Amino acid sequence: MPQSKIPSFETLKALEAAPAMFLVLSVDFYILTASDLFLQATNSNRENIIGKYIFDAFSDNPSIKVADGENNILASLKYVVAHGKTHLMSVQRYDIVDSNHPDKFIVRYWEPTHTPIFTEDGELFYIIQSVNNVTEQILSRLDAEQSRDDNQANLQQVDALNKNLASAHDELIALNISLESDVINRTEELLASERKYRNVIEHSPVAMQVFRGKDMTFEIVNDAMLQFLGKTSDIIGKSLFEGVPEIVGQPIVEALYGVYNTGKPLEIYAEKVDLVRDGVKTVGYYDVIYRALYDHDQVAGVLGIAIDVTPQVLARQTIVESEARFRNMAEKSDILISLIDDKGQLEYLNNAWYILTGWSDSNLQTFNWENYLHPDDHADIMQRFFKVFEKQQDFVNEFRLLDSDGNYRWIRLRGTTRFNTEGDFIGYICSGIDITDEKQHFLEIEYINKALVHANDQLVNANLRLIDSEERLLTAFDAGELGSCTLDLKTGKADMSVRYRKQYGLPLEDDISWEMVLEAVEPEFLDEVNTVLHHAIEFGTPVDSTYAIKHLITGERRWMRVVGKVYQDEEGINERVNAVVMDVTGQKEDEQRKNDFIAMVSHELKTPLTSIKGYIQLLQHKTKNIAAFDGHSFVDKIQIQVKKMNTMINGFLNISRLESGKIQLNKSNFDLCALANDLKNEYEALITTHQIVYSPCSEFWVHADEDKISLVINNLLSNAVKYSPTNSKIYLQCEKVNQQVVLSVRDAGTGISSDDIPKLFDRYYRVQNEKTNIISGFGIGLYLSAEIIERHGGKIWVESELGTGSTFYFSI
Ligand code: ADP
């Protein structure tokens, strides 16, 4: 509150009710009170403003950029205080706060007057600020000023417009003149353009037509269009329905009228239109373009352009149909059918695939079939797929794939390349079959094959062993001079080895029948041979028979032994005889000789015994008159016979010892020449029929069995005596050759043929001829001699000529 002197409360109260608008201010410009009218006019209230500094209570409108009411009033108040005079202010804009919107101001213009009120002492007591609200006057004045300014501007614009109009008028006159000539030109151009337009349409290779009016009268129809429609130019001037009656009711008509009615252009593709061409109903497909034609902003007609796309549509339909057929067929097929695109992605799978694997057609774009491959096949198969894809080649692959039951199935997939009409590669069509069973069989067969190969190997080995053993058998056959023969009991055909054939003198080649074999058999053995064979055929009795044959080529009599076994077929019927045949002629002869030998031994032993028996009977008789009997000569003779028998029996004993391996050599050192000399002397004492000529050598000591060597010399000497004529000479010679002694006995006897020489030293061998047959002997002397000499490591041999004589040698 101001500290200055202020009027009393009553004074102020009285002032408040005064019928004027004023403020009562202290000398330092604080509000003391306000009249009711002032408060009303300024939308203020007394309590809010009393005691406030005037400009705090009433501040300038901040939105008025150059509000100077506050400054002006302050200056006026200061003037009043300074001069103590009333000050009348010019109109001031001083906006008041809008009581409804405290942040807004209402425009107000005032005429303030500041009047100083003095105390009785002449001291400035307070100041009355009285105001007149001149807002309406000021605002109406301002409006008037504004409209005056506006009018002024309008006038200026009208002036300018007038000027423009004047110049436009000039231009219009000029334009009018030019337009008249333009219209003429334009009309000519239009005519030319229409001709050109018609010309273009008529000669266009593209089918075009122009309809006029609501009836769609054909105005222009070019040849290409007439061809489509199957009509002649007669239709020009006719309405659409007259010219092409079959078009009535077809969708194309509606489209055409749509363009006519709306003026909107239209393009339709592959529209089906049925037309009658040359009386034949044909179905065609056309890309159609319709454009409205205007006459003074009004649609007056329609331009139609048509492109025949029938072949493409039909081709597409064919493709669609064939694809539908393919799918239909594929879906019903048991074969696994699929399509793969050029990226290797599955495009289609048929129902057979679904049944096998559970794969569906729904998410093929993201489906990874390779995840279902057997891990062992994966790398190889993927590599093959990539390779054929790259080369765009057909393929056939076999692999294992997981089926819907979680088992792996073997699939054989054949892929054939697909190309579009432009020849671009678009992937594969694949057909597959489940070859699991086939594979299984294959594996089984492979297994069986391996087993067979193994068995075969074993067979080959067995065969080789068989061949080997057969070869060994053949070698053994050869070594044993065995022939082999198989007789087929059903056919009577005989299969014989070469040796067998040779043994019988049969042809070495060609088939041989059993009859041919029987031809060789000596008649006396035929019954036996047939019986043996009969038993073999009938009872399967093993064959073992020895019989004589007459060699079919040489006529020679040979002894054969056949040993065989009967083999049966699967039904147990005797089928064939496998037999081994050996030539036993040697054995037979040996046997024969043995028999002869025994007969001869019996005979020879009987002779000395008979003599001894005779001499003893004679001795008995003589000894009856014993006195004058000299029995010495009888005893001598008995002695000789006993010695003979002794020698004979020793010879037999030696042979039996020799053959049983019991012969022992009792070796000692002795002079062979001396031995020979002794033996010669002994012989000379015994025989009187021959003269022995001895050519001795100086002593030659040998280490040998003296008894056995003397046996050999005895044999040679006794043979020389036996086989040479009486009174002939026998030469006994002993000579040294190369550190060896060679003893020989030469006679001038019968001699020995060269055929007999090789067999001479065989056991029981005796030369059979007229001369030797009458000479007794056993055929063991030379055999024994040869054995003795060979056991001494020496050699024995003979040189002889038939009729001249023989020389027997031995060396030790
Ligand atoms: P043998 O008791 O028959 O004489 P050997 O073994 O001594 O038996 O002789 C065998 C055969 O050799 C005789 O049978 C005979 O034919 C023949 N032979 C032996 N020595 C002579 C010889 N000196 N001259 C001719 N032939 C002989």
Side-chain angles (χ1 to χ4, degrees), residues 586 589-590 592-608 643-659 663 676 679-680 683 686-687 689-694 708-733 743-791 796-810:
E589 283 174 356
D590 203 23
Q592 189 59 47
R593 282 200 300 272
K594 205 183 235 173
N595 292 339
D596 295 348
F597 168 74
I598 288 165
M600 214 176 299
V601 165
S602 312
H603 176 74
E604 291 295 322
L605 283 174
K606 241 173 116 182
T607 311
K643 200 179 175 188
K644 238 183 185 175
M645 280 182 74
N646 198 41
T647 309
M648 258 192 285
I649 290 165
N650 273 343
F652 303 144
L653 279 175
N654 277 337
I655 282 188
S656 80
R657 279 185 194 141
L658 191 78
E659 292 193 337
I663 195 161
L679 289 172
K680 175 233 162 198
Y683 250 85
L686 278 175
I687 55 157
T689 51
H690 292 77
Q691 188 192 345
I692 298 176
V693 182
Y694 178 50
K708 303 228 165 37
I709 295 295
S710 59
L711 182 70
V712 173
I713 298 168
N714 256 325
N715 273 336
L716 297 182
L717 284 172
S718 71
N719 278 348
V721 169
K722 262 165 57 181
Y723 299 108
S724 60
T726 311
N727 294 327
S728 63
K729 284 182 181 169
I730 295 167
Y731 296 90
L732 174 66
Q733 192 175 357
L743 196 138
S744 61
V745 178
R746 177 157 63 93
D747 64 55
T750 54
I752 306 155
S753 78
S754 56
D755 287 348
D756 289 319
I757 285 177
K759 297 179 249 175
L760 217 55
F761 297 93
D762 287 353
R763 194 175 59 162
Y764 309 129
Y765 188 79
R766 302 201 72 228
V767 175
Q768 303 291 333
N769 59 41
E770 292 158 3
K771 284 182 182 162
T772 55
N773 280 349
I774 53 164
I775 301 166
S776 66
F778 306 129
I780 59 168
L782 285 180
Y783 167 68
L784 201 59
S785 301
E787 284 294 321
I788 290 168
I789 295 301
E790 273 161 24
R791 282 182 191 224
I796 188 164
W797 70 99
V798 63
E799 288 171 1
S800 179
E801 202 176 319
L802 210 56
T804 310
S806 317
T807 309
F808 284 84
Y809 304 85
F810 75 82

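Indexing begins at 1, ligand by ligand and atom by atom, following the structure's order. Since we're looking at a predicted model, the values are computed, not measured.
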Exercise for review: Could you tell me how the ring of W797 sits relative to the ring of Y809: parallel (under 30°), tilted (30 to 60°) or perpendicular (over 60°)?
Suggested key: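 Geometry flag for Y809 against W797: parallel rings.
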Less than 3.5 Å between some nitrogen or oxygen of [X] and one of ligand 1, yes or no?
X	result
F808	no
Y783	no
L760	no
Y765	no
G779	yes

Check your understanding: Do Y731 and S744 pass the side-chain contact (heavy atoms from CB on, under 4.5 Å) test, and can you show the C-alpha distance, the side-chain angles, and the key distance before you say yes or no?
Key -> CA-CA 8 Å; Y731 296 90; S744 61; over 6 Å; no
What atoms of ligand 1 come within less than 4.0 Å of a heavy atom belonging to [X]?
X	result
I752	25 (C), 26 (N)
T750	25 (C)
K722	1 (P), 2 (O), 4 (O)
G777	1 (P), 2 (O), 3 (O)
D747	22 (C), 23 (N), 24 (N)
I780	6 (O), 8 (O)
G781	5 (P), 6 (O), 7 (O)
R766	1 (P), 3 (O), 14 (O)

Check your understanding: Which value, rounded to the nearest 0.5 Å, describes the distance between K759 atom NZ and Y765 atom OH?
Key ->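 These two atoms lie 4.0 Å from each other.
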Review point. Just how far is it from atom CD1 of I752 to atom CG of L782, taken to the nearest 0.5 Å?
Key: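 That separation rounds to 7.5 Å.
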Check your understanding: In this structure, which one of N719, N715, N714, I780 forms a side chain to side chain contact (heavy atoms under 4.5 Å, CB included) with S785?
Key ->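 Filter result, single survivor: N715.
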Tell me: protein heavy atom nearest [atom], and distance?
atom	result
atom 24 (N) of ligand 1	Y723 CB, 3.2 Å
atom 7 (O) of ligand 1	N719 ND2, 2.8 Å
atom 6 (O) of ligand 1	L782 N, 2.9 Å

Check your understanding: Are the side chain of D747 and the backbone N or O of S806 linked by a donor-acceptor pair below 3.5 Å?
Key ->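 Yes, because the side chain of D747 sits within donor-acceptor range (under 3.5 Å) of the backbone of S806.
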**Study point:** N/O donor-acceptor pair under 3.5 Å between S800 side chain and G805 backbone
**Key:**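 Yes, S800 side chain to G805 backbone: donor-acceptor pair under 3.5 Å.
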Check your understanding: Side chains of F761 and I789: does their closest heavy-atom pair fall under 4.5 Å?
Key ->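 Side-chain contact under 4.5 Å: no.
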Review point. Between Y783 and D762, what is the shortest heavy-atom contact and its length?
Key: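 Taking every non-hydrogen atom into account, CB-O, 3.8 Å.
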Review point. Which atom names give the shortest non-hydrogen contact between G751 and L802, and what distance separates them?
Key: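 In terms of heavy atoms, the two residues are closest at O-CD1, 3.5 Å.
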